[in-house]
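One structure is given here, and the rest of the page talks about it.
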Amino acid sequence: MDNASLAAAFEEIATLKELQGEDGFRSQAFRNTARRIETLPQSAAELFRAGTIKDAVSSLGKTQLEVIGQLVAGESCSILDDLRARTPPGHLEMLRIPGVGPKKVRALHLELGITTLPELAAACESGKVAAIKGFGAKTSEKILQGIAFVTSSGRRVRLDQAIGLAGALLDRLRAVEGVSRAEIAGSLRRRRETVKDIDIVATADDPAALIAAFVSVPGVKSVIGQGDTKASIVLEAESSGGRLSMGGKVGLNADLRVVAPGQFPFALNYFTGSKEHNVLLRQRAIDRGWRLNEYELAGCDAAISHEADIYAALGMAYVEPELREGTGEDAAASAGSLPALVRVADIRGVFHNHTTASDGADTLEAMARAAKALGLEYLGIGDHSQSLTVANGLTPDRVRAQWQEIDALNTRLSGITVLKGTECDILPDGSLDFDDALLAGFDYVVASVHTHFGQTREEMTARICRALAHPAVTMLGHATGRLLLRREAYAVDLEAVIQAAARHGKMIEINANPMRLDLDWVHCRRARELGVPLVINPDAHSTDELAYFSHGVDVARRAWLSAPEVYNTRPLQSVLADLKARRA
Ligand SMILES: [Zn+2]
Ligand SMILES: [Zn+2]
């Protein structure tokens with residue numbers, strides 16, 4: 001069982017406990033453990049088997065250890081089974097309604113016996129919900145709107161979708177007269193790979209005018225709450241139709257908080273989170289005899305007008321939002337050892353891209369011109385290999401024809417250099433899809449798994465490690481095959497894969513297609529620890545998708561990566577020399 005599944009089980013236990021009305025501290029303890037496991041670089045299952053899990057997750061109590069033991073052994077988890085049996089599935093769905101938490105779900109159940117969304121909708125319409133103590137007509141109406149939202153939208157949206165929606169929203173708010181500052185906060189600012197809402201913090205001369213503008217922006221599907229300084233809306237927009245995306249509408253909650261100018265840095269910091277990071281900062285304030293909250297740093301007389309001033313007052317370097325996950329950033333920030341994070345402008349070229357020769361939408365020349373227009377120095381082509389016939393994989397003859405085409409293009413075009421690569425399939429037994437003679441002719445080889453996702457964890461791990469041992473392989477493509485919110489990763493021991501890459505001197509790709517973001521930030525950080533170079537690749541299938549590499553930069557920053565640790569920040573000559581040395 002991998003960490004993500006283990007963490008999901010702990011999350012579920014926490015939520016179900018809340019729905020059962022159990023003590024909040026006990027459910028929160030399960031949630032904290034979920035969070036710890038999710039950010040563990042090692043396999044929690046292996047740590048458990050080795051008897052060292054408590055060293056890594058110190059908060060584990062007896063019950064939680066039992067839960068891990070049962071799940072790791074592949075047994076059913078008695079606590080989880082019991083909670084599930086006692087919880088109607090409809091109660092979990094109700095939690096997705098904006099403004100409805102475990103307490104409200106319990107009240108609806110105890111007062112009206114409601115167990116499903118349709119029952120809840122009917123009870124709202126008949127006025128029964130409005131009559132419950134603490135609900136009222138307004139709440140009932142919001143719940144009805146919320147049901148419509150929940151049944152028409154997913155739980156979370158991808159980072160790229162949220163960035164698109166939030167950017168447009170922010171532009172409109174900043175255009176309102178008297179708005180001096182408006183910024184994105186929350187997990188979106190920290191660049192989590194999926195988010196469940198947009199948080200905005202702003203200051204304005206006339207908060208009422210800003211709130212009025214916010215609740216009437218284009219794309220508002222419903223207004224969940226509207227006060228003097230705070231409002232919540234549901235936005236709806238067409239999803240960007242990338243090649244791997246399902247398209248259709250996405251719905252997303254957006255919250256605006258308007259604060260006084262002096263409160264702005266504190267509110268921005270607080271609402272950016274994470275909760276774990278906020279705990280670290282609050283503790284540092286307490287250590288100095290001060291008190292930090294979303295309005296002020298009480299007791300401290302330093303002048304604070306920006307977030308960075310808060311960190312300085314607390315005796316630490318500024319922590320970039322992407323690092324605020326409670327995973328050691330406070331210690332590094334006070335020791336002055338935080339990395340200078342890689343930036344989008346540092347990226348000089350990309351290696352994994354497709355053309356019309358396989359399953360891309362644009363020609364080699366169009367891709368090269370688009371890469372040049374983006375300011376890149378080199379564009380690596382990685383069309384599919386022969387056995388991937390569904391993606392029109394290239395035969396050896398077609399590969400050689402493409403090499404000639406690339407040579408001709410390079411003499412014709414200036415300002416961009418096209419490199420000869422391949423996205424070579426890793427066959428089920430771990431061998432490669434071209435013979436060694438042909439592989440030796442490429443500048444580099446991206447090796448990827450595209451078939452037989454159902455192999456066992458042992459088979460898949462051995463398969464990928466064998467490919468990494470092949471001398472022709474330069475880098476591993478999309479390491480887990482996951483599609484965010486759509487397809488789970490295949491079973492694979494990533495620790496073993498990263499170790500193999502380290503052993504054989506190979507790189508690992510951060511596939512920056514926003515549907516993938518694969519390798520994820522937790523394992524990128526592990527790769528960094530082991531000195532494995534990461535490569536940010538857009539896996540572009542059209543000229544538009546070349547710009548995807550910026551999403552990979554977000555992942556890299558969350559993984560603490562600086563420019564020298566990302567291979568494609570190197571200039572062309574350095575890359576050419578290195579690739580040549582690797583083939584020698
Ligand atoms: Zn691929
Ligand atoms: Zn690809």
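On a predicted model such as this, the values are computed, not experimentally measured, just so you know. For ligands, and for the atoms within them, numbers begin at 1 and follow the listed sequence. The residues of the chain are indexed from 1 along the displayed sequence.
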Is there an N/O/S atom in H384 that lies less than 2.8 Å from the Zn ion (ligand 1)? no
Closer than 2.8 Å to the Zn ion (ligand 2): does that hold for any N, O or S atom in H541? no
Given NE2 of H354 on one side and OD1 of D539 on the other, what angle do they make at the Zn ion (ligand 2), to 10°? 90°
Restricting to N/O/S atoms, is H352 within less than 2.8 Å of the Zn ion (ligand 1) or not? no
In terms of the angle between their ring planes, are H352 and H478 parallel, tilted or perpendicular, with boundaries placed at 30° and 60°? tilted
Going by the angle between their ring planes, with limits at 30° and 60°, are H384 and H450 parallel, tilted or perpendicular? perpendicular
Please find out if the Zn ion (ligand 1) and some N, O or S atom of E423 are separated by less than 2.8 Å. yes
How wide is the angle at the Zn ion (ligand 1) spanned by H478 NE2 and H450 NE2, rounded to 10 degrees? 100°
Is the side chain of K221 donor-acceptor paired with the backbone N or O of E236 at a distance under 3.5 Å, no angle test? no
Distance only, no hydrogens: is a donor on one side chain within 3.5 Å (strictly under) of an acceptor on the other, for E365 and T363? no
Could you tell me how the ring of W403 sits relative to the ring of F442: parallel (under 30°), tilted (30 to 60°) or perpendicular (over 60°)? perpendicular
